[in-house]
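Reckoned from all heavy atoms, side chains included, excluding hydrogens, waters and symmetry mates. Sequence positions, counted from 1, serve as the residue numbers for this chain.
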Amino acid sequence: MSAVVPSPTPAPSLTSVFVRLKLVLLRNGLRQSSGRTAVYITSIVVTLLIAVAMMLSFLLLRGGSAAGTVSVLVIALLALGWAVMPLFLPGGDETLDPSRLVMLPLRPQPLVRALLVASLVGIGPFFALCLAVGAALALADDAAGTVVAVLAVPLTVLVCVALSRAVAAANVRLLTSRKGRDLALLSGLLIAVGMQVINFGAQSLGRSGDLSVLDPAASVAGWLPPAAAVAAIGNAGDGAYAEAAGRLLLTAAALVLLLVWWRRSLVRLMVEPDGSTLAAVTVTKDATDGRGRLARLLPEGRTGAVMERTLRYIGRDPKTKASWVTALAIGALVPVFNAYQGAGSIYWASFASGMLGMQMFNQFGQDSSAFWMVSQTISAPADAYAELRDRALALLVITVPYTVVVAVGTAAILGDFSQLPEGLGVAFALIGAMLALGAVLSVRFPYSIPQDSHRNVAAGQGGLAMGAVFGGMLAGPLLCAPVIGLVIWLHVAGLHGLLWLVLPAGVLYGALLAWAGLKSVAPRMAARLPEILQAVSKG
């Protein structure tokens, strides 16, 4: 009698496995610490509140003339956010990193399907769903619109998620490289700049009070998926069924193309070797010579060496680079935008001086534990003064010409160059004040900048860092009081022909402030090098 062979248990669906894996990884991640759980719950609550507010706003637009325009543009901005999010937040969803799957025997087509469904689990897709439903509620006012909305809502969410994952898969090797980490650190800059642009745009729109100015943009975005699917709802309500069908088919075609692109990127990722498997490239003589080009532009000796080190930190250290680029962008954005709107003045150029001058704060934190090498070159107050002076000179190489450019640009937008000398005089005085304050605060209140973390301050040093920064921001303008007083006196006295004197006065006063600050703190720096090293090495 032959033995009964049990039938093999059918393998579970790959899609269900990935969904369960996503849920398990999220749950285990939340169990790591109460702080992480609190942050996640808080983000859910905030997302829910924003989603509810957006849906209520869409309901208020229902039946209005601007409902179609606003709905289409909101969905277009939503899709844009999903497209750029992987480039700026590469570590935002480690559970779906395709590079972790390269050693598994998985076929591309089932893998894409499983990853797509698993990607729908999370706060982001839920928020996208809420916006899509809100847009549909604002536009669907009859049976035809409702039928189209039933198709448009899932298409919108799927296109957003597929777009995000396709971009991430196509750029995964960039996002896991040093350049990718630099790009992620600069995401805060782009968000800040974008918010400023949106803010000024909203102010302009609020003054006009006419949403019809957005109609041309909505008409263009209405043919770009997934906003095309939302625009189709309005077409169906107006009886333009052929146009509605065309927009839906366009969105569906975009979804198919995104899935094909995603699949090809996954195949390439799992088959082609990356840089870690290739032989190292021999350093050529030209590359070796290239490392000395910066040094040839700087003075010789200790001054040139310190300046080169400081400038290389700006170009190579991700957090230092992010801080500088943010300061450069915001320092120009605020004066120029205020001048463009007619609410600015030449004195806004000092905003650029202040932003760049703050880069002198916590000079040794960027060195981290490598500061011990710097400390070996300091044995007397004169050495400490030279170190601080040369670091300040490196900052001036960028700060001075940048301040001039911002001031000239602001004056050009305002159409008045007569106030340029006094504006530059105040700005240069502020630069000197910030350099002096930065040197003093760097020595008296040093703190660490962790190199292996997203944080900019080590644990336990946050209050120290915030106090130093805000104290310096308040003290800087106060130190410039003599120059500001000179400007006020010349204006009140009607001596407008002598306002050009503010420029040389500001230069001399700023140089005096910087020299006094560096000179006064140099002995303290030489005396407490071990304490500074301990503070900046904490992270």
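Listed by first and then second residue, the side chain to side chain donor-acceptor pair (under 3.5 Å) pairs that reach into residues 413-423 are Y347-E422, D416-S418, E422-H491, sequence neighbours excluded.
Contact annotation: the side chain of C160 approaches that of L78 to within less than 4.5 Å [non-hydrogen atoms, C-beta and beyond]. Residues W324 and L395 are in side-chain contact: their nearest non-hydrogen atoms beyond the backbone lie under 4.5 Å apart. With contacts defined as side-chain heavy-atom distances shorter than 4.5 Å, the pair S353/M434 does not qualify. The side-chain heavy atoms of P125 and W82, taken from C-beta on, include a pair separated by under 4.5 Å. Considering only heavy atoms from C-beta on, L393 stays 4.5 Å or farther from V306 through its side chain.
Of all non-hydrogen atoms in G304 and L298, the two that sit nearest each other are O-CD1, 3.7 Å. Taking all atoms of both residues into account, the shortest heavy-atom contact from S350 to G423 is OG-O, 4.4 Å. A522 approaches A384 most closely through the heavy-atom pair O-CB, 3.4 Å. Minimum heavy-atom separation, T410 to S345: CG2-O, 3.7 Å.
Of the possible donor and acceptor atoms, one in the side chain of S265 sits under 3.5 Å from a partner among the backbone N and O of W261.
Under the salt bridge (Lys or Arg N to Asp or Glu O under 4.0 Å) criterion, R528 pairs with E531, sequence neighbours left out. For V397, the side chain to side chain contact (heavy atoms under 4.5 Å, CB included) test picks out M307, with sequence neighbours left out. Scored by the side chain to side chain contact (heavy atoms under 4.5 Å, CB included) test, I488 finds I484, V492 as partners (sequence neighbours excluded). Under the side chain to side chain contact (heavy atoms under 4.5 Å, CB included) criterion, F417 pairs with V408, A411, A412, L420, not counting sequence neighbours. Residues forming a side-chain hydrogen bond (donor to acceptor under 3.5 Å, both in side chains) with Y385 (at least two apart in sequence, or on another chain): none. By the ring-ring contact (aromatic ring centres under 6.0 Å, His included) test, F371 is found to be paired with F364, residues two or more places apart in sequence or in another chain being considered. For the side chain to side chain contact (heavy atoms under 4.5 Å, CB included) test, no residue two or more places apart in sequence or in another chain qualifies with V405.
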Which donor-acceptor pairs under 3.5 Å do side chains of residues 436-443 form with protein atoms, sequence neighbours excluded?
{"residue": "S442", "atom": "OG", "partner": "M360", "partner atom": "O", "Å": "3.1"}
{"residue": "S442", "atom": "OG", "partner": "N362", "partner atom": "N", "Å": "2.9"}
{"residue": "S442", "atom": "OG", "partner": "Q363", "partner atom": "N", "Å": "2.9"}
{"residue": "S442", "atom": "OG", "partner": "G438", "partner atom": "O", "Å": "2.6"}

Could you list the donor-acceptor pairs under 3.5 angstrom formed between side-chain atoms of residues 374-382 and any protein atom two or more places apart in sequence or on another chain?
{"residue": "S375", "atom": "OG", "partner": "W372", "partner atom": "O", "Å": "2.6"}
{"residue": "Q376", "atom": "NE2", "partner": "W372", "partner atom": "O", "Å": "3.3"}
{"residue": "T377", "atom": "OG1", "partner": "R302", "partner atom": "NH2", "Å": "3.4"}
{"residue": "T377", "atom": "OG1", "partner": "V374", "partner atom": "O", "Å": "2.6"}
{"residue": "S379", "atom": "OG", "partner": "D383", "partner atom": "OD2", "Å": "3.0"}

Can you give the donor-acceptor pairs under 3.5 Å from side chains of residues 494-518 to other protein atoms, not counting sequence neighbours?
{"residue": "H496", "atom": "ND1", "partner": "G494", "partner atom": "O", "Å": "3.4"}
{"residue": "W500", "atom": "NE1", "partner": "G497", "partner atom": "O", "Å": "3.3"}
{"residue": "Y509", "atom": "OH", "partner": "L479", "partner atom": "O", "Å": "2.6"}

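Going from atom CG of D367 over to atom OG1 of T320 covers 9.0 Å, rounded to the nearest 0.5 Å.
Side-chain atoms of R165 and S119 form a donor-acceptor pair, as typed in the model, at a separation below 3.5 Å.
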